Amino acid sequence: MSAAPVPAPPAPIAVRAAVLEDVGGPLRVETVELDPPGPGEVRVRVAAAGVCRSDLHVLHGTLPVPLPAVLGHEGAGIVESVGPGVTRVRPGDPVVFNWVPGCGRCHYCRIGRPDLCDAAFDMQVSGTLPSGETRFRLGGRALHHFSGVSCMAEATVVPEAGVVPIPPGIPLERAALVGCAVTTGYGAVVHTAGVRPGTSVAVLGCGGVGLNVIQAARLAGAHPIIAIDVRPDKLALARRFGATHTVDAGRSEDVITPVLELTDGLGADYAFEVIGRPETIAAAYGAVRKGGTAVVVGVAAPHEEVAINAFSLPSQSKVLTGTWYGRSRPDVDIPRILALVQAGRLDLDGLVSATVPLDAVGEALEALESGRAVRTVIRMGEAGDAGEAGDAAEGK
Ligand code: PAD
Ligand code: ZN
């Protein structure tokens with residue numbers, strides 16, 4: 001009597017991926033091994049990844065995560081294979097990545113706040129998948145995952161909750177941006193602040209995420225919408241996305257006075273800080289009226305502190321809060337946002353400065369750092385359509 005044959009374990013595949021070994025870089029494109037998906041995991045052929053300042057924060061050590069790691073947390077692709085127990089997606093499904101995959105079981109998921117999921121937070125801190133394992137290897141060494149996504153790669157393995165299925169036919173190079181910038185900006189306005197029609201909004205920082213705060217504020221019916229940035233080109237873009245007034249913070253450090261002048265001396269009903277600096281967080285707090293709400297979107301380094309006048313807390317009763325992934329429920333919000341895009345109510349095309357191949361990821365991060373680029377889209381597997389990341393934003 002012979003035992004039943006044991007099937008050979010599926011072999012890993014070779015993929016090209018943007019690997020960061022150490023804080024400060026360089027970020028190198030390497031051919032790495034990628035294991036098949038384990039239980040509850042999904043392997044996705046990545047179509048496109050957006051370059052977000054949070055990736056840059058990892059490069060600079062502002063956002064400390066375990067290294068070496070494969071970067072990228074904003075992207076879209078096609079499900080290639082699924083591990084045991086996966087029920088929500090099948091091979092061939094188009095998906096957007098969700099970088100806060102709620103576990104559905106922790107305290108925060110149970111109270112309806114998957115944005116604060118403990119397991120998703122732990123996963124980001126440990127640089128693993130929820131199983132505690134990693135699926136990328138380079139030269140026999142394990143590579144960490146970034147936010148459970150690591151989509152600056154031709155393919156990646158993510159938890160099942162780390163993908164949101166989307167309708168077929170949506171260009172994945174645009175849907176990629178909904179994986180972070182659009183959902184974060186939209187959610188900050190719609191979920192965190194709950195902006196009402198006719199209320200005033202100030203937005204400090206008009207990059208990829210800030211422009212989405214602006215266009216969501218327009219959608220919510222806010223007026224005025226005051227865009228604040230140090231770069232005139234970003235302010236011009238902000239007008240296209242719905243800003244009614246602009247303040248050039250490069251000319252004067254005092255951005256509170258212009259906001260007061262534009263809001264009958266009161267201050268804005270809502271201010272959004274979308275940069276990640278203590279001074280601009282304090283300015284956002286200062287720019288809202290008594291009883292108004294300042295929402296911090298920008299990610300500052302963990303050691304940074306913000307000084308807030310203590311007496312103002314009770315006497316002005318402002319709300320100072322933050323938002324992680326726009327307090328979103330990605331399964332609901334991502335399809336809803338894509339429907340708004342298809343209806344022409346939200347703009348994705350205008351966010352894209354350039355589309356480049358994976359090999360140009362280093363230049364794409366430099367273009368973001370210098371302020372030249374809004375969003376550079378990395379198109380996997382083929383050449384991009386713009387020579388230099390950041391060029392296209394200049395004329396917009
Ligand atoms: P970005 O570099 O595209 O945009 C930042 C913008 O701020 C640029 O337009 C700058 O010109 C502008 N700026 C810089 N300094 C100043 C200043 N002193 N005053 C006014 N404007 C200034 O970055 P991004 O839009 O990709 O990300 C913005 C921040 O949001 C960043 O800290 C990122 O890590 C964070 C983020 N948070 C979440 C979240 O869930 N909270 C998600 C995604 C990104
Ligand atoms: Zn991001």
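FYI, side chains are in, hydrogens and waters are out, and symmetry mates aren't considered; it's all heavy atoms of this structure. Order of listing sets the numbers, starting from 1, for every ligand and every atom in it. Small disclaimer: the values here were computed from a predicted structure and weren't measured.
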task = Run through Ile281, Val213, Ile228, Val203 and flag the one making a side-chain contact (heavy atoms from CB on, under 4.5 Å) with Glu273.
result = Ile281
ask   = Looking at Arg135 and Glu41, does any basic side-chain N land under 4.0 Å from a carboxylate oxygen?
value = yes
message = Can you check which of Leu235, Ile275, Asp229, Val213 brings a heavy atom nearest to atom 15 (N) of ligand 1?
response = Ile275
message = Within ligand 1, which atoms have a heavy atom of Trp99 less than 4.0 Å away?
response = 40 (O), 42 (C)
key: Ion pair check, Arg141 and Glu33, cut-off under 4.0 Å   = no
ask   = Looking only at heavy atoms, is any part of His57 under 4.0 Å from ligand 1, and if so is it the side chain, the backbone, or both, or is it neither?
value = side chain
message = Name the residue from Arg174, Arg375, Arg53 that meets the salt bridge (charged side-chain N to carboxylate O under 4.0 Å, His left out) definition with Glu74.
response = Arg375
inquiry  = For ligand 1, which is the ligand I care about here, please tell me if Cys180 has any N or O atom under 3.5 Å from one of the ligand's N or O atoms.
reply    = no
request  = Examine ligand 1 and decide if any of its atoms is less than 4.0 Å from a heavy atom belonging to Cys206.
outcome  = yes
note = atom 4 (O) of ligand 1: closest protein heavy atom, distance to 0.1 Å, is Gly207 CA, 3.3 Å
inquiry  = Apply the hydrophobic cluster definition, ILVMFWY joined by side-chain contacts under 4.5 Å directly or through others, and give me every member besides Val70.
reply    = Ile13, Val15, Val19, Val32, Leu34, Leu129, Phe136, Leu138, Leu143, Val157
request  = Classify the contact between Phe272 and ligand 1 as side chain, backbone, both or neither, using a heavy-atom distance cut-off of under 4.0 Å.
outcome  = neither
key: Any donor-acceptor N or O pair under 3.5 Å, side chains Asp333, His191   = yes
message = For atom 25 (O) of ligand 1, what is the closest protein heavy atom, and at what distance to 0.1 Å?
response = Val209 N, 2.9 Å
Atom indices of ligand 1, in the order listed, that fall short of 4.0 Å to a heavy atom of Val274 = 5 (C), 28 (C), 29 (C)
ask   = For Asp55 and His73, does a side-chain donor sit closer than 3.5 Å to a side-chain acceptor?
value = yes
inquiry  = Please check whether Gly208 reaches ligand 1 - meaning an N/O of the residue sits under 3.5 Å from an N/O of the ligand, judged on distance alone.
reply    = yes
ask   = Does Trp324 reach ligand 1 with a nitrogen or oxygen that is under 3.5 Å from one of the ligand's nitrogen or oxygen atoms?
value = no
query = Out of curiosity, is Arg375 lining ligand 1, as in a heavy atom under 4.0 Å away?
reply = yes
ask   = Can you list the ligand 1 atoms lying under 4.0 Å from a non-hydrogen atom of Leu368?
value = 2 (O), 3 (O)
message = I want to know if ligand 1 touches Arg231 in the polar sense, i.e. an N/O pair below 3.5 angstrom.
response = no
task = Looking only at protein heavy atoms, identify the closest one to atom 30 (O) of ligand 1 and say how far it is in Å.
result = Gly298 CA, 3.6 Å
inquiry  = I need the contact type for Thr280 against ligand 1. Using non-hydrogen atoms and a strict under-4.0 Å cut-off, is it side chain, backbone, both or neither?
reply    = side chain
By side-chain hydrogen bond (donor to acceptor under 3.5 Å, both in side chains) - contacts of Asp359 (at least two apart) = Arg16
Minimum-distance protein heavy atom relative to atom 17 (C) of ligand 1 = Val230 CG1, 3.6 Å
inquiry  = Can you confirm whether more than 12 heavy atoms, excluding those of Arg137, are under 6.0 Å from its CZ atom?
reply    = yes
Nearest-contact summary for atom 40 (O) of ligand 1 - protein heavy atom, Å = Tyr325 N, 2.6 Å
request  = Return yes if some donor-acceptor pair links the side-chain N/O of Ser126 with the main-chain N/O of Asp122 below 3.5 Å, else return no.
outcome  = yes
key: Glu21 with Arg28: basic N within carboxylate O range, under 4.0 Å   = no
request  = Tell me which part of Thr184 gets within contact of ligand 1: side chain, backbone, both or neither, using heavy atoms under 4.0 Å.
outcome  = side chain
request  = May I ask you to check whether Ser54 has an N/O atom sitting below 3.5 Å from an N/O atom of ligand 1?
outcome  = yes
inquiry  = Quick check on contacts: which atoms of ligand 1 are under 4.0 angstrom from a heavy atom of Cys52?
reply    = 26 (O), 43 (C), 44 (C)
message = At less than 4.0 angstrom from any non-hydrogen atom of Thr323, what atoms of ligand 1 do you find?
response = 39 (C), 40 (O), 41 (N)
request  = Check step by step if salt bridge (charged side-chain N to carboxylate O under 4.0 Å, His left out) holds for Arg231 and Asp229.
outcome  = CA-CA 5 Å; Arg231 287 185 61 107; Asp229 204 290; 5.9 Å; no
Check: Thr244 side chain, Ile225 main-chain N or O, donor-acceptor pair, under 3.5 Å = yes
request  = Using distance alone, decide if ligand 1 has a nitrogen or oxygen within less than 3.5 Å of any nitrogen or oxygen in Val297.
outcome  = yes
message = Quick test: of every protein heavy atom, which one is nearest to atom 27 (O) of ligand 1, and how far off is it to 0.1 Å?
response = Arg53 CB, 3.6 Å
key: Side chain Asp254, main chain Ile256, donor-acceptor under 3.5 Å   = yes
message = With a cutoff of 4.0 Å, is Leu204 in contact with ligand 1, counting heavy atoms of the residue only?
response = no
key: Donor + acceptor pair across side chains of Tyr186, Ser328 (<3.5 Å)   = no
